[in-house]
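Notes follow the structure.
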2 protein chains.
Amino acid sequence: MPDGAPVTAVEETYTISQLAEAFELTPRTIRYYEDEGLLTPRREGQQRVYTHRDWARLKLIMRGKRLGFTIAGIKDFLDLYEVGDAQVPQMRFLLSSARDRIATLEQQLRDVQQTLVDLKEIEGLVVDHLARKGALDA
Amino acid sequence: MPDGAPVTAVEETYTISQLAEAFELTPRTIRYYEDEGLLTPRREGQQRVYTHRDWARLKLIMRGKRLGFTIAGIKDFLDLYEVGDAQVPQMRFLLSSARDRIATLEQQLRDVQQTLVDLKEIEGLVVDHLARKGALDA
DNA sequence: CCTTACGTTTACGTAAACGTAAAGTGAGAG
DNA sequence: CTCTCACTTTACGTTTACGTAAACGTAAGG
């Protein structure tokens, strides 16, 4: 292996509009996430260069949004994934944050399940009602 | 049974601040929900009088909020519970609305479950890390 | 060189979900 | 009658999560 050759292949990168299209966001939104500290792409000249790591973060961001979290809440959540080099006091904080979030998510899980039960009952009622009227086609 | 006696007992009612306290909301918020058509209390003079039905609706509203729905979205959702006297075209619409919502909730269910998996893994890592440092007390 | 395409910063605009202050109403206590 | 207290309406203020317009940089293509 020649001297100084990088072990990892040339990492694939993305422009802001590639990310935007992939996630169905606008560039404006992605820059906003940067302002809020959710993404920190490097610069090449003045242009932003995104890596596969930013891609992964965006996936988490989208999931957080579907779950109804605020951007600030999502940032806190993303920080939990950065456990690598934390010191003990910081770790204790992370642990308690993670556990808080687990608790609210478990509440949310119950809410979703109960709402699904409700909605499926409604669905049954409506289907039934339509059947009695012989209007169940389509 | 005496003439004209009501079959149902005198229904229990609530003032706005009773509801506010019970659900940890402000009266302002509850009036706002009325402006948006989520609640329609009757009036006694100028005062709002809430019944057990409004109580039930508020429970659904709170659940909707925990799930991250918008107020307008929650209103649509509440309307689904009013299936009683709908006509066939309206029912078809209700059915499709309910099914749409079921779909997004099932996505949300998957999101919550996956996030819980992630977070519990993080929790495990952190606990582990703290253990190796012999800092697991408290 | 000019245009086109994509990127950038700066900055004001907007919708949603309330907060908050101002000013008035009605019923009961003293 | 006055005071208080809870309730009311009206209306402007605030935060979040972007949209949108202006003005500019830069590289590629004709």
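We use all heavy atoms of the structure for the numbers below, so side chains are in, but hydrogens, waters and symmetry mates are not. Throughout, protein chains are lettered first and strands after them, A, B, ... in sequence-line order, and every chain is numbered starting at 1. These figures come from a predicted structure and were not determined experimentally.
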>> Cation-pi check for A:Phe69 against A:Arg101: NZ or CZ below 6.0 Å from the six-membered ring centre and within 45 degrees of the axis, yes or no?
In response: yes

>> One thing to verify: whether A:Glu12 and A:Arg53 come together as a salt bridge, which I'm taking to mean a side-chain N less than 4.0 angstrom from a carboxylate O.
In response: no

> So do A:Glu121 and A:Leu116 actually touch side chain to side chain, heavy atoms under 4.5 Å?
Replying inline: no

>> How close do A:Leu80 and A:Ser97 get, counting heavy atoms only, and between which atoms?
In response: CD2-CB, 4.1 Å

> Can a salt bridge be assigned to the pair B:Asp35 and B:Arg31 using a cut-off of 4.0 Å between side-chain N and carboxylate O?
Replying inline: no

>> What is the separation between atom CD on A:Glu44 and atom C1' on D:dT26, rounded to the nearest whole Å?
In response: 13 Å

Polar-atom pairs under 3.5 Å, protein N or O versus N or O of nucleotides 16-19 of chain C: list them with distances, or write none.
| residue | atom | partner | partner atom | Å |
| --- | --- | --- | --- | --- |
| C:dA17 | OP1 | B:Ile71 | N | 2.8 |
| C:dC18 | OP1 | B:Lys65 | NZ | 3.4 |
| C:dC18 | OP2 | B:Tyr33 | OH | 2.9 |
| C:dC18 | N4 | B:Arg28 | NH2 | 3.2 |
| C:dG19 | OP2 | B:Thr26 | OG1 | 2.7 |
| C:dG19 | OP2 | B:Thr29 | OG1 | 3.1 |
| C:dG19 | N7 | B:Arg28 | NE | 3.0 |
| C:dG19 | O6 | B:Arg28 | NH2 | 3.3 |

>> I need the CD-P distance between A:Glu24 and D:dG19, as an integer number of Å.
In response: 13 Å

> For atom CD of A:Glu82, is the number of surrounding heavy atoms from other residues, nucleotides or ligands below 6.0 Å larger than 12?
Replying inline: yes

>> At 10 degrees resolution, what angle do the end axes of the helix from C:dC1-D:dG30 to C:dG30-D:dC1 form when each is taken over five base pairs?
In response: 20°

>> Is there a side-chain contact between B:Leu109 and A:Gln113 in this structure, where contact means two heavy atoms from C-beta onward sitting under 4.5 Å apart?
In response: yes

Scan nucleotides 3-7 of chain C against the protein and return all N/O pairs shorter than 3.5 Å with their distances rounded to 0.1 Å.
| residue | atom | partner | partner atom | Å |
| --- | --- | --- | --- | --- |
| C:dG7 | OP1 | A:Thr15 | OG1 | 3.2 |
| C:dG7 | OP1 | A:Ser17 | OG | 2.1 |
| C:dG7 | OP2 | A:Ser17 | OG | 2.6 |

> Can we say A:Arg43 and A:Glu34 salt-bridge, meaning some charged N sits less than 4.0 Å from an Asp/Glu carboxylate O?
Replying inline: yes

> Between A:Leu58, A:Leu78, A:Ile16, which is the residue that forms a side chain to side chain contact (heavy atoms under 4.5 Å, CB included) with A:Leu39?
Replying inline: A:Leu58

> Using 4.0 Å as the upper bound for N to carboxylate O, is an ion pair formed by A:Arg42 and A:Asp54?
Replying inline: no

